[in-house]
Amino acid sequence: MRILLIGPPGAGKGTQAVRLAAHLSIPHISTGDLFREHIDQGSELGRNAHAHLRAGRLVPDDVTIGVIEERLARPDTEAGFLLDGFPRNRAQAEALDGLLADSGSKLDAVLELEIPEAEVVERIAGRRLCRQGRDHIFHVDYSPPAAPGVCDVCGGELYQRDDDREATIRKRLEVYRSETTPVVDHYQAQGVVTAISAVGQVQEVLDRALIAIGHRRDDASGV
Ligand code: AMP
């Protein structure tokens, strides 16, 4: 299956994407993660992208589309993939459609995660990530680690993303409203969008997502 998971920052896209991709045995492709890898490696692309990430702005389309084109060309995507964070504007959606059409395919499903904006700021500002496992995600209030700053899963160091601070979160929300909601409209016109509530426990949201793509609720157990 070729799936896009879309929703405002703080909706839990990363958390759900990792679980859904594992459940469906398809690669999870996050442009945000790809940029952060480049930044950590100190590549030229990473140096260019860093200022945009820090400011909560979108990285220019030519760079972003280049990164995704290279990723989708790898053989592990042949049986499907789950996109998280791309496309984020209409031009990227059209570029993606073009790339997929070249290989005779298209997106099978777009899952739109919905969440009230007031909840987003609280969720993101308290989020802490692990330097060693990208799906080891904590929250200072809602799912605090046993020892502050230390990952319960692997002992790795927890940190706050430098774009997870309040001023940047507001900017990212604004960018989502103006740039990314047209992507939802774009795919609505193709009849592939299902909106699901992102409010609730991780497993509840995952169940909703699996049902939306035609998997039974009990398929979700053990994920
Ligand atoms: P995320 O991890 O998806 O929240 O993305 C973090 C940041 O990476 C965003 O705020 C943007 O600066 C950049 N980014 C990720 N995906 C894209 C994209 N599709 N287009 C442009 N910038 C992106």
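When reading the values below, keep in mind they use all heavy atoms of this one structure, side chains included, and skip hydrogens, waters and symmetry mates. It should be emphasised that the depicted structure is a prediction, and the values quoted were computed from it without experimental measurement. In listed order, ligands and their atoms are each counted from 1.
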(request) Check each protein residue for a heavy atom under 4.0 Å from ligand 1 and list those that pass, ordered by chain and number. (result)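 Under the 4.0 Å cut-off, ligand 1 touches Thr31, Gly32, Phe35, Arg36, His52, Leu53, Arg57, Leu58, Val59, Thr64, Gly85, Phe86, Arg88, Gln92, Arg161, Asp163, Arg172.
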ask   = What residues join Val175 in its hydrophobic cluster, counting side-chain heavy atom gaps under 4.5 Å, either direct or through other members?
value =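 Direct or chained contacts put Val175 with Leu58.
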Donor-acceptor pairs under 3.5 Å, side chain of residues 109-120 to any protein atom, not counting sequence neighbours: which ones?
| residue | atom | partner | partner atom | Å |
| --- | --- | --- | --- | --- |
| Glu117 | OE1 | Arg177 | NH1 | 2.9 |
| Glu117 | OE2 | Arg177 | NH1 | 2.4 |
| Glu119 | OE2 | Arg123 | NH2 | 3.4 |

Salt-bridge contact Arg170-Glu166 (side-chain N to carboxylate O under 4.0 Å)
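Here Arg170 pairs with Glu166 in a salt bridge, since their nearest N and O are under 4.0 Å apart.
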A quick test of your reading: do over 12 heavy atoms of other residues, nucleotides or ligands sit less than 6.0 Å from CZ of Arg74?
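Yes, because the 6.0 Å sphere around CZ of Arg74 holds more than 12 heavy atoms from other groups.
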To the nearest 0.5 angstrom, please state how far the CD1 atom of Ile3 sits from the CD1 atom of Ile29.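 Between Ile3 CD1 and Ile29 CD1, I get 11.5 Å after rounding to 0.5 Å.
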Next item on the list: Only counting residues at least two apart or in another chain, list the ones meeting side chain to side chain donor-acceptor pair (under 3.5 Å) with Arg36.
Entry: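 Once residues adjacent in sequence are excluded, the partners of Arg36 under the side chain to side chain donor-acceptor pair (under 3.5 Å) criterion are Asp33.
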